[in-house]
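The structure under discussion appears below in the form of C-alpha cells.
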Protein chains: 2
Amino acid sequence: MKDAKNVTITDSEWMVMRAIWTMGHATSRELIDAMNELEGWSASTTKTLLHRLIQKQAVSQHGGSRPFTYKPVVGEKESMAAAADDLFDHMCAMRAGSTIAGVIQSRELSRADIANLQAILAEKAKTAPEEVQCNCLPGDQTC
Amino acid sequence: MKDAKNVTITDSEWMVMRAIWTMGHATSRELIDAMNELEGWSASTTKTLLHRLIQKQAVSQHGGSRPFTYKPVVGEKESMAAAADDLFDHMCAMRAGSTIAGVIQSRELSRADIANLQAILAEKAKTAPEEVQCNCLPGDQTC
DNA sequence: GTTAAGAGGCTACAAACGTAAACTTAGAAT
DNA sequence: ATTCTAAGTTTACGTTTGTAGCCTCTTAAC
C-alpha cells in the first residue's frame with residue numbers, strides 16, 4: 001500500500017495511521033492504548049510502528065518536551081486514494097469496472113456518497129470509450 | 001493482496017498471475033519470456049514465483065510429460081474482488097465512498113462498465129443510510 | 001538533589017518477499 | 001546408448017514486515 005507521498009505503508013502501520021487520523025493528533029500513550037485495545041499489541045509494537053512511520057515521514061512529532069504529540073503528515077483521504085490507485089495499477093485495466101462494481105456492492109455507502117458517484121459517472125459517461133484494452137501483456141492483446 | 005481463496009498473493013506473484021490469466025494457460029517457457037519482457041526478470045525468478053503460486057494453489061500443473069502446462073486455479077475477477085475487498089477492509093468505512101470516487105475518476109471505464117455501475121448504484125440508493133459510521137477506533141467514534 | 005516511572009530509542013528475531021544461482025532430471029538429437 | 005539441453009527443483013541471501021524486549025533519558029515527585 002502506498003501513502004499520499006507514494007511511500008509504502010504496511011498493513012500494521014496502516015492501523016496506526018487510522019488511529020492517528022481519527023484522533024487528529026495523539027500522544028504515544030494514547031496510541032499505545034488504542035492499539036492495545038484494537039489489535040492487542042504490546043506497547044513496544046506500537047512504538048516501533050510509530051517510529052517507522054516517523055522515518056517514512058507519514059507522521060511528525062510535536063511539542064518540545066516529553067510527552068510528545070504525534071500528527072499525521074499525509075492525509076487520510078489522499079493516502080487511501082493512493083493505496084487504491086496502487087492496487088488498480090497492478091491489475092488488468094479491463095477488469096477495473098467489474099472490480100469497482102464488486103466493491104460498491106460490498107460496502108456501505110451513504111446517500112451522499114452514492115449521489116456523488118452517480119454525478120461522477122454521468123460526467124464520465126460523456127467521454128467513455130466503447131472498450132477498454134487489456135494492459136497485461138506486451139503486444140497489448142485483449143484478455 | 002488476497003486472492004479468491006483468501007491466500008496472500010504478493011505483488012510479484014500477481015504479475016505472473018496476470019500473464020497466466022491473460023494467456024489462459026501457458027508453459028513455463030512462455031511465462032519466463034513474458035516476465036522477462038514485462039519486468040526484466042531472470043528465468044529463475046519466474047520459476048520461483050510459479051512454484052510459490054503452485055504451492056499456494058493459485059496455479060495448477062497439467063499434462064503428464066515434461067513441458068507442463070500451467071493454468072490458473074483462482075479466477076481473475078474473483079481474485080481482484082478479493083484484493084479490493086481486502087484493501088477496503090483495512091480502511092475507514094467512512095472514507096470508502098470518496099476513495100471509490102477517486103478510483104472511478106482515475107480509471108478508464110467502458111460505456112458498459114459505467115452503465116453497470118449506474119444500475120448498481122440506483123439499486124443501492126434505495127436502501128442507503130444517511131450516514132456511514134467510522135469504524136477506526138473502539139467506541140465507534142466518528143472520524 | 002535523588003529517585004521512580006513513563007516516554008522514547010535501540011536491538012532482536014523469525015517469517016515473508018524479491019530476486020536469482022546452482023543442481024537435477026527427463027525428453028530430444030545423434 | 002550417450003549426450004545435450006530445456007524444464008523443473010532446491011538452496012540462497014539480503015530486505016522488509018510483524019512483533020516485541022530491554023536500555024536510557026527526562027520529568028515529576030519527594
Side-chain angles (χ1 to χ4, degrees), chain A residues 1-3 6-20 23 25-71 83 86-87 90, chain B residues 1-3 6-20 23 25-71 83 86-87 90:
Chain A
M1 279 190 249
K2 301 292 178 67
D3 78 353
N6 222 43
V7 170
T8 298
I9 298 287
T10 70
D11 282 354
S12 303
E13 287 165 356
W14 203 270
M15 296 297 128
V16 177
M17 287 309 297
R18 279 180 75 173
I20 299 183
M23 297 176 173
H25 56 80
T27 61
S28 65
R29 170 66 18 213
E30 292 171 318
L31 265 327
I32 286 169
D33 290 345
M35 289 308 117
N36 177 261
E37 185 163 356
L38 277 167
E39 310 284 330
W41 289 342
S42 80
S44 293
T45 299
T46 301
K47 287 189 211 176
T48 299
L49 261 3
L50 192 52
H51 254 254
R52 289 180 183 168
L53 285 168
I54 289 170
Q55 284 177 331
K56 289 179 182 177
Q57 303 199 57
V59 165
S60 58
Q61 212 177 35
H62 295 268
S65 73
R66 236 183 188 194
F68 294 125
T69 300
Y70 297 91
K71 289 204 269 189
D86 184 51
L87 179 76
H90 286 285
Chain B
M1 278 189 250
K2 301 292 178 66
D3 79 352
N6 222 44
V7 171
T8 299
I9 298 287
T10 70
D11 282 353
S12 304
E13 288 164 356
W14 203 270
M15 296 297 128
V16 178
M17 287 309 297
R18 278 181 75 173
I20 298 183
M23 298 176 171
H25 57 80
T27 61
S28 65
R29 169 78 4 226
E30 293 171 318
L31 266 328
I32 286 169
D33 291 344
M35 290 306 118
N36 177 261
E37 185 163 356
L38 277 168
E39 309 284 330
W41 288 344
S42 81
S44 293
T45 299
T46 301
K47 288 188 208 177
T48 300
L49 261 4
L50 191 52
H51 252 254
R52 289 181 182 167
L53 285 168
I54 289 171
Q55 284 177 330
K56 289 178 182 179
Q57 306 199 55
V59 166
S60 57
Q61 213 177 32
H62 295 268
S65 73
R66 237 184 189 195
F68 294 124
T69 301
Y70 298 91
K71 288 204 268 188
D86 185 50
L87 179 77
H90 286 283

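Residue numbers begin at 1 in each chain, while the letters A, B, ... track the order of the sequences. Remember, predicted model here, so these are calculated numbers, not experimental data.
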Would you mind telling me which of [options] lies closest to the side-chain atoms of [X]?
X	options	answer
B:S12	C:dT19, D:dG21, C:dC17	C:dT19
B:Q61	D:dG18, D:dG8, C:dT19	D:dG8
B:R52	C:dG9, C:dA20, C:dG18	C:dG18
B:T48	C:dG9, D:dT10, C:dG18	D:dT10

How many whole angstroms separate atom [atom1] of [X] from atom [atom2] of [N]?
X	N	atom1	atom2	answer
A:E30	C:dG8	CD	P	11 Å
A:Y70	C:dG8	OH	P	4 Å
A:E13	D:dT19	CD	P	12 Å
B:L31	D:dA7	CG	C1'	13 Å
A:D11	C:dA16	CG	P	14 Å
B:L53	D:dG8	CG	P	15 Å
B:L38	C:dG18	CG	P	16 Å
B:K2	C:dA16	NZ	P	13 Å

Practice task
Find which nucleotide of DNA chain C each of B:T10 and A:H51 is nearest to by heavy atoms, and output the residue with the more 5' nucleotide.
Solution key: A:H51
Problem - More than 12 heavy atoms from other groups under 6.0 Å of CD on A:Q57 - result: no
Exercise for the section: Check whether more than 12 heavy atoms from other residues, nucleotides or ligands sit under 6.0 Å from atom NZ of A:K56, and answer yes or no. Expected result: yes
Exercise for the section: Please name the residue in the list A:H25, A:E30, A:Q61 that meets the side chain to side chain donor-acceptor pair (under 3.5 Å) test with A:Y70. Expected result: A:Q61
So, taking the atom named [atom1] in [X] and the one named [atom2] in [Y], what distance separates them when rounded to the nearest 0.5 Å?
X	Y	atom1	atom2	value
A:D3	A:I9	CG	CD1	4.5 Å
B:E13	B:T48	CD	OG1	10.5 Å
A:I54	A:F68	CD1	CZ	9.5 Å

Problem - Exercise: do A:S42 and A:T45 side chains pair donor with acceptor under 3.5 Å - result: yes
Pairs under 3.5 Å (N/O, protein and nucleotides 27-30 of chain C):
none

Exercise for the section: Give a yes/no on whether any side-chain N or O of B:W41 is located under 4.0 angstrom from OP1 or OP2 of C:dA20. Expected result: no
Which part of the nucleic acid, if any, lies within contact of [X], taking any heavy atom under 4.0 Å across all strands shown: a base, the sugar-phosphate backbone alone, or nothing?
X	value
B:T45	base
B:T8	sugar-phosphate
B:L49	base
A:R29	sugar-phosphate

Practice task
Select from B:S44 and A:G40 the residue whose nearest nucleotide in DNA chain D is closer to the 5' end of that strand.
Solution key: B:S44
Exercise for the section: Taking the side chain as every heavy atom from C-beta outward, state whether B:V59 and B:M17 have any atom pair closer than 4.5 Å. Expected result: yes
